[in-house]
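Report on the following structure.
Counting starts at 1 for both ligands and their atoms, following the listed order. Note that the structure is predicted; figures quoted are calculated from it, not measured.
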Amino acid sequence: MSMPALFKGRLSIPVIGSPLFIISVPDLVIAQCKAGVVGAFPALNARPPELLDEWLARITEELAAYDRAHPERPSAPFAVNQIVHRSNNRLEHDLALCEKYKVPMIITSLGAREDLNQAVHRWGGIVFHDVINQTFAHKAIDKGADGLILVAAGAGGHAGTVSPFAFVAETRAWFDGPIALSGAIANGRAIRAARVLGADFAYIGSAFIATEEANAVEAYKAMITNSGADDIVYSNLFTGVHGNYLKPSIVAAGLDPNDLPTSDPSKMSFGTDTSGERARPKAWKEIWGSGQGIGAIDKVVPAAELIARFKKEYDEAIDPPL
Ligand SMILES: Cc1cc2nc3c(=O)[nH]c(=O)nc-3n(C[C@H](O)[C@H](O)[C@H](O)COP(=O)(O)O)c2cc1C
């Protein structure tokens, strides 16, 4: 296990609040960091692109002010997620702003790039890359990523299909750097379990949708609090890549979740496609993403309250005697 120096003394629990398209906004990121977990957001959430400058200024300033007032327990570092895919024509612009603010941590998805990793290292940042299998994991480290995010079965968004037990064990066999494990982690006991498996961090997304600071409509938050693993559907229809979605939102869009067609992967879209094509309901806006862990989430609370609950459960979680 290896926790980079960046995080030492700055986390209340070993958690990264994962980047969520549309949902992760500065209010949520700042609340997460102040409560001692890494807050992250996709650069693409700042629209128009110029808004990213404002967001980074606000996050940097508010966290610095918090740190001055709480030198004994400074805020957790924050992270910006970059979608490294050919459809993302903002990447250079967004990366230049991350350099301007010396963003401490970059999370890359859907593509590993050596030049990007080197650029982040030049300003003193670290890069974690998210992967769904061993091939991509090796590629990410070969290209200079510092850490891996193992997106296991049951995760929200573009999830993998590998069991977390197999994924962490196989990765730890060759990689002793930092690992974040993701997929249906939504309580403190599961965070502890991720560490017992050999991960350094739990990487948690869906649970944070049901927080007051999350930028999601009330009906989406209510669907998270009212649903469980049986309500999650794995399909590639909506973006071209397989992901987990809330069944009731698919029904509300007029589709049969038990009889979904499969999609053409060449038509991948991550919110950067402005062609106006409307052949299928819009992923994220109409079809709501979620992982399988949300049975543990039953009310909408401030992010700090959810994190306090995680911490209590994490501290209390023990392996019962035989
Ligand atoms: C609604 C939603 C949007 C997401 N958007 C992104 C994104 O923009 N970039 C990204 O790297 N991951 C994205 N993810 C994946 C999460 O960062 C993370 O891997 C996942 O939420 C972890 O699983 P969990 O939801 O079961 O906790 C998204 C997930 C959800 C549920």
(message) Could you check whether any side-chain heavy atom of Q82 comes within less than 4.5 Å of a side-chain heavy atom of C98, counting everything from C-beta outward?
(response) yes
(request) Check F208 against ligand 1 and report side chain, backbone, both or neither, counting heavy atoms closer than 4.0 Å. (result) neither
(request) May I ask whether G293 places a heavy atom under 4.0 Å from ligand 1? (result) no
(message) Below 4.0 Å, non-hydrogen atoms only: which portion of P19 touches ligand 1? Side chain, backbone, both or neither.
(response) both
(message) Could you go through R58 and D27, starting from their C-alpha distance and side-chain angles, then the distance that decides it, and tell me whether this counts as salt bridge (charged side-chain N to carboxylate O under 4.0 Å, His left out)?
(response) CA-CA 10 Å; R58 186 184 153 208; D27 281 348; 2.8 Å; yes
(message) Quick check: F7 with F201 (ring centres under 6.0 Å apart)?
(response) yes
(message) Using a 4.0 Å heavy-atom cut-off, which part of A155 comes near ligand 1: side chain, backbone, both, or neither?
(response) both
(request) State, yes or no, whether a side-chain contact exists between E72 and H70 at a heavy-atom distance under 4.5 Å. (result) yes
(request) Please could you name the atoms of ligand 1 that G154 approaches to less than 4.0 Å, counting only its heavy atoms? (result) 26 (O)
(request) Decide whether an N or O pair under 3.5 Å exists between S206 and ligand 1. (result) yes
(message) Show the atoms of ligand 1 that are less than 4.0 angstrom away from any heavy atom in Y203.
(response) 17 (O), 18 (C), 19 (O)
(request) Please identify which atoms of ligand 1 are closer than 4.0 Å to at least one heavy atom of F21. (result) 3 (C), 4 (C), 5 (N), 6 (C), 7 (C), 8 (O)
(message) Using a 4.0 Å cutoff against the non-hydrogen atoms of G289, which atoms of ligand 1 qualify?
(response) 1 (C), 31 (C)
(request) Count the heavy atoms of every other residue, nucleotide or ligand shown that sit under 6.0 Å from CG of D230, and state whether that count exceeds 12. (result) no
(message) Could you identify the single nearest non-hydrogen protein atom to atom 30 (C) of ligand 1 and state the distance to 0.1 Å?
(response) L20 CD2, 3.5 Å
(request) Specify side chain, backbone, both or neither for D130, according to which of its non-hydrogen atoms lie closer than 4.0 Å to ligand 1. (result) side chain
(request) Measure the acute angle between the ring planes of F208 and F310, then classify it against the limits of 30° and 60° as parallel, tilted or perpendicular. (result) perpendicular
(request) Flag the pair W284 / Y245 as yes when their ring centroid distance falls below 6.0 Å, and as no otherwise. (result) yes
(message) Between S290 and N244, does the side-chain contact (heavy atoms from CB on, under 4.5 Å) criterion hold? Intermediate values first, please.
(response) CA-CA 6 Å; S290 173; N244 281 316; over 6 Å; no
(request) Step through the shown structure and confirm whether more than 12 heavy atoms of other residues, nucleotides or ligands are within 6.0 Å of OH on Y234. (result) yes
(message) Under the salt bridge (charged side-chain N to carboxylate O under 4.0 Å, His left out) definition, can you give me all pairs with a residue in residues 114-136, not counting sequence neighbours?
(response) R113-D115
(message) One residue to check: N81. Relative to ligand 1, which of side chain, backbone, both or neither has a non-hydrogen atom less than 4.0 Å away?
(response) side chain
(request) For S109, take its heavy atoms, then give the atoms of ligand 1 lying under 4.0 Å from any of them. (result) 10 (C), 11 (O)
(request) List the closest protein heavy-atom neighbour of atom 26 (O) of ligand 1: residue, atom name, distance to the nearest 0.1 Å. (result) A184 N, 2.8 Å
(request) For atom 22 (C) of ligand 1, grab the closest protein heavy atom and report residue, atom and distance to one decimal in Å. (result) S182 OG, 3.5 Å
(request) Considering heavy atoms of the protein only, find what lies nearest to atom 27 (O) of ligand 1 and give residue, atom and distance to 0.1 Å. (result) G205 N, 2.9 Å
(message) Give the atom numbers and elements of ligand 1 that come within less than 4.0 Å of a heavy atom of P42.
(response) 8 (O)
(message) I want to know whether W55 and F41 have ring centres closer than 6.0 Å.
(response) yes
(request) Check ligand 1 against I204 and write out every atom of the ligand that is under 4.0 Å from a heavy-atom position of the residue. (result) 27 (O)
(message) Starting from atom 24 (P) of ligand 1, what is the nearest protein heavy atom, named by residue and atom, and what distance separates them?
(response) G156 N, 3.5 Å
(request) Carefully, step by step, assess V131 and F167 under the rule side-chain contact (heavy atoms from CB on, under 4.5 Å). (result) CA-CA 10 Å; V131 297; F167 211 170; 4.1 Å; yes
(message) Under the side chain to side chain donor-acceptor pair (under 3.5 Å) definition, can you give me all pairs with a residue in residues 291-313, not counting sequence neighbours?
(response) R309-E313, K311-D315, K312-E316
(request) Do me a favour and list the nearest non-hydrogen protein atom to atom 16 (C) of ligand 1 with residue, atom name and distance? (result) S18 OG, 3.3 Å
(request) With heavy atoms of Y220 as the reference, note each atom of ligand 1 found under 4.0 Å away. (result) 1 (C)
